[in-house]
Structures are given as structure tokens and as C-alpha cells.
Amino acid sequence: MEIFLDARPPFSLTAVICSHGWVQLAPFETDENHSTIETVLELGSGRVVELLIWERAEGVGIFSELPLTNADQAEVEQKVTWMLDLEQDFSTFYALAANEPKLAQAANHARGRILRCPTLFEDILKTITTTNTTWGGTKRMVRALVETYGAALPSDLSRRAFPTPQRLAAADAEALRRECKLGYRAPYVLELAQSVAAGDLDVEALKSKDLPTTELRKRLLAIKGVGDYAAANLLVILGRYDYIPVDSWALKMVSNEFYHGEAIGRKEVEAIFQPWGVWQGLAFWLWDWSD
DNA sequence: GGTAGACCTGGACGC
DNA sequence: GCGTCCAGGTCTACC
């Protein structure tokens with residue numbers, strides 16, 4: 001069956017797909033032109049479905065081989081709308097960016113939307129697996145989590161959804177360390193999964209626009225394994241751009257672009273983008289570093 | 001508030 | 001093939 005969703009213009013699915021490396025992490029898949037997203041999703045009903053998302057006039061189409069109940073369809077619509085940030089309005093940022101040559105193409109290419117996972121739980125876990133490792137390591141860890149603990153697609157048992165908190169909560173730290181090569185992150189992942197599964201921590205509530213960014217950051221930092229970089233990365237994913245995710249790559253890029261390659265720290269990065277105010281994280285994210 | 005050391009893995013390198 | 005070194009953020013203890 002097919003579902004159609006509208007997006008606030010300008011919109012480009014390819015721009016969302018290429019917004020960062022998330023599409024390379026299981027269970028996301030894309031085609032060689034980065035024009036579609038395939039993913040496997042475990043729904044609240046317990047059904048596991050495969051979704052194919054493509055761009056169409058004014059929005060996206062979603063294809064599911066399995067027919068969906070009304071409740072399943074509503075959940076798919078809500079999750080895809082969130083994942084692709086279909087309702088976001090970037091007109092204020094585009095007006096500011098038009099005066100900056102390194103950002104002037106943002107509006108023309110409909111850049112700004114950052115690909116999200118269906119749940120913030122998944123985004124947090126994936127962000128933790130990006131810390132203190134290489135991108136190759138991140139991809140291995142996430143693939144192993146999906147293959148070991150994700151629910152299988154009935155029509156193709158080799159394809160799995162990202163594990164729910166409940167599934168991960170039933171694991172033990174040693175197994176996560178051994179099977180998924182999470183290393184010292186294993187107890188952090190387990191603690192988060194168990195807190196969410198037990199209902200002690202409602203991470204999905206952090207998607208709320210009512211929470212001030214400083215409070216939201218405080219709550220993210222309270223999660224074991226989430227430090228300054230991870231919190232800023234998650235804030236950008238959540239559509240809050242007041243902080244810059246400063247990692248070693250950021251230091252290198254900003255140093256080369258603004259400080260003649262000198263050794264710099266987080267404060268120097270923040271000083272460059274501070275004039276962008278509530279948009280500084282997005283200005284940093286979309287900056288054209290190609291020179 | 002700032003700093004040092006430990007955490008863990010994989011890749012690069014030298015032997 | 002083996003051992004060593006290093007890169008990558010966060011946590012904890014300490015000053």
C-alpha cells in the first residue's frame with residue numbers, strides 16, 4: 001500500500017538523505033543516487049514492516065508491501081514526518097544565509113532538514129556509538145546491534161529493525177560488549193535501554209518543543225555516554241541549533257578555514273559561529289568546507 | 001572550572 | 001604474524 005505526505009517547501013529528499021551519515025547506518029538503506037530511503041520498522045503493534053520512501057511533487061510517497069491497519073498507518077505517517085522533518089520552516093535561516101557565500105546555496109538546495117531515526121532512543125544510541133571511534137567502528141556497532149537484537153522482517157529474516165529499548169534491556173553488558181563490540185559503551189547503552197524500558201526515562205518526551213534548549217541539553221547530558229559533543233549533535237537532530245557539535249573533525253575544519261591551521265579548542269569554534277545565534281549549529285552544519 | 005588518566009576498538013606501522 | 005602506537009569523546013577523580 002502507498003501513503004502520501006506533504007512537505008513544507010522547499011523540500012528535497014536527497015538533501016535530507018545527504019544531511020549526515022545516518023543513512024549509512026542500519027537499518028537505513030539508500031540507492032546510489034540517494035533518491036530513496038529503505039528501512040525496517042518495528043511498530044507499536046509488534047508488526048515489523050519494510051518501508052520505501054521516495055520524493056514526489058510536494059512531499060514524499062511511502063510504500064509498504066504489507067497492508068497496514070489504520071493505527072499502523074497513523075504511526076508510520078507520524079514517524080516518517082518526524083524522520084524527514086517535513087513540517088519544519090527554514091525561511092528565517094535562509095534569509096540570513098543568503099548574505100553568507102558559504103551558506104547561500106542552502107535554500108536553493110533545500111538544505112536544513114537533518115535525517116532522524118524513528119525514535120529519539122535510536123538517535124541517542126547511534127550518537128553514543130559515534131563517540132571515541134572511527135565512522136567504520138560506528139557502522140559496525142550499529143549493524144551488530146540491529147543484527148543481534150532487532151526484530152526480523154517476516155518476509156526476509158535477514159533484514160531487521162533497530163532494537164527497541166525492551167529488546168536491548170533484556171541483554172547484558174558483557175553480551176553487548178562481546179557481540180556488538182560496544183566496548184566501554186556497553187553499560188551506557190544497557191542503562192539507557194533499561195531506564196526507557198522500565199518507564200523511568202521518557203526520552204521521546206524530549207522531542208517536545210515546549211522544553212527550553214538549556215533544559216533539554218541538561219537532560220541529554222544526564223544520560224551516561226552523552227557528553228558535550230553528543231548532546232550538541234542530538235540538539236541539532238532535535239531541531240535546536242544553539243550549540244555546535246565540536247568533534248575532532250570540526251576543530252580541523254574550523255582551524256583550516258579561520259585560524260590558518262593553528263591548534264584550536266571548542267571556544268574558538270563557538271566564537272566563529274556565535275553571531276548566528278539560535279541558528280549557529282545549523283550554520284556550522286551546512287557550511288561549505290570544500291575550500 | 002580545569003586537567004589527567006582510563007576506557008575500548010581498529011587501523012597503521014615497524015619488525 | 002605479532003607488538004606497539006595512535007585516534008576518537010566521555011567519565012571520574014583530583015586539584
Side-chain angles (χ1 to χ4, degrees), chain A residues 19-26 114 116-117 120-149 162-163 165 168 171-196 200-201 203 206 213-238 240-257 259 261-274 280-281 284-285 287 289:
Chain A
S19 59
H20 60 148
W22 253 211
V23 79
Q24 298 171 34
L25 300 179
I114 311 290
R116 298 160 164 165
C117 296
L120 188 59
F121 172 73
E122 185 176 333
D123 277 319
I124 295 172
L125 251 59
K126 285 180 174 173
T127 299
I128 289 175
T129 67
T130 66
T131 60
N132 208 20
T133 187
T134 60
W135 181 241
T138 298
K139 290 200 278 189
R140 267 190 301 276
M141 285 183 249
V142 173
R143 197 186 316 123
L145 280 169
V146 170
E147 289 176 355
T148 312
Y149 296 100
F162 192 85
L168 277 179
D172 67 80
E174 187 48 41
L176 287 169
R177 194 188 293 265
R178 194 179 58 248
E179 295 165 348
C180 303
K181 305 284 185 193
L182 292 183
Y184 68 92
R185 302 169 197 81
Y188 302 157
V189 167
L190 187 60
E191 184 179 322
L192 177 62
Q194 289 178 338
S195 301
V196 174
D200 298 333
L201 179 63
V203 287
L206 301 181
T213 305
T214 48
E215 175 60 25
L216 183 50
R217 179 170 178 270
K218 214 162 91 180
R219 296 199 194 177
L220 290 169
L221 287 171
I223 298 169
K224 282 273 183 65
V226 175
D228 282 334
Y229 159 76
N233 190 66
L234 286 163
L235 285 173
V236 172
I237 286 172
L238 284 164
R240 311 291 188 104
Y241 311 113
D242 316 47
Y243 294 86
I244 299 170
V246 180
D247 58 2
S248 54
W249 179 86
L251 292 174
K252 193 172 149 190
M253 290 297 118
V254 174
S255 169
N256 287 338
E257 179 107 359
Y259 294 95
E262 293 170 17
I264 60 167
R266 195 153 71 99
K267 284 180 181 164
E268 284 76 15
V269 177
E270 289 167 351
I272 293 296
F273 288 93
Q274 184 271 334
Q280 57 187 291
F284 163 80
W285 199 283
W287 198 263
W289 303 101

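Residue numbers begin at 1 in each chain, while the letters A, B, ... track the order of the sequences. In this text the structure is predicted, and so the values were computed from the model without any measurement.
- The minimum heavy-atom distance linking A:R177 with A:P187 is given by the pair NH2-CD, 4.1 Å.
- Closest non-hydrogen pair, A:I128 versus A:K224, comes out as CD1-O, 3.8 Å.
- Listed here is the closest heavy atom pair of A:A171 and A:L176: CB-CG, 4.2 Å.
- Side chain to side chain, A:W289 and A:N256 fail the donor-acceptor criterion of an N or O pair below 3.5 Å.
- Between A:I244 atom CD1 and C:dG9 atom P the separation is 15 Å, expressed in whole Å.
- Residue contacts for A:A230: at a heavy-atom cut-off of 4.0 Å it reaches the sugar-phosphate backbone alone, with no base atom in range.
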For nucleotides 6-10 of chain B, print each protein N/O atom paired with a nucleotide N/O atom at under 3.5 Å, atom names and distance only.
unit_1 : atom_1 : unit_2 : atom_2 : d
B:dC8  : OP1    : A:R177 : NH1    : 2.4
B:dG10 : O3'    : A:R140 : NH2    : 3.4

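- Atom CZ in A:R217 sits about 14 Å away from atom C1' in C:dT10, given to the nearest Å.
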Exercise for review: With salt bridge (charged side-chain N to carboxylate O under 4.0 Å, His left out) as the test, would you mind laying out the steps for A:D228 and A:R217 before giving the verdict?
Suggested key: CA-CA 9 Å; A:D228 282 334; A:R217 179 170 178 270; 2.9 Å; yes
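- Residue A:L192 contributes atom CG, which lies 15 Å from atom C1' of C:dT10 at whole-angstrom precision.
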Review point. After noting the C-alpha distance and the side-chain angles of A:E215 and A:K218, does the key distance pass the salt bridge (charged side-chain N to carboxylate O under 4.0 Å, His left out) rule?
Key: CA-CA 5 Å; A:E215 175 60 25; A:K218 214 162 91 180; 3.7 Å; yes
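- Distance CE (A:M141) to P (C:dG9): 12 Å, rounded to an integer number of Å.
- Between A:W135 and A:G21, the shortest heavy-atom distance links the atoms CZ2-O, 3.2 Å.
- Sequence order on DNA chain C of the closest nucleotides to A:K224 and A:D247 puts A:D247 first from the 5' end.
- Minimum heavy-atom separation, A:Y184 to A:T131: OH-O, 3.9 Å.
- Comparing atom distances between the A:Y188 side chain and each of C:dT10, C:dG8, C:dC11 picks out C:dC11 as nearest.
- Residue contacts for A:K267: at a heavy-atom cut-off of 4.0 Å it reaches the sugar-phosphate backbone alone, with no base atom in range.
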Close N or O pairs between protein and nucleotides 2-5 of chain C (under 3.5 Å):
none

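- Using a 4.0 Å heavy-atom distance criterion, A:L221 is classed as making no nucleic acid contact.
- Atom pair A:I128:CD1 and C:dC11:P shows a separation of 8 Å (rounding to whole Å applied).
- Minimum heavy-atom separation, A:L182 to A:M141: CD2-SD, 3.7 Å.
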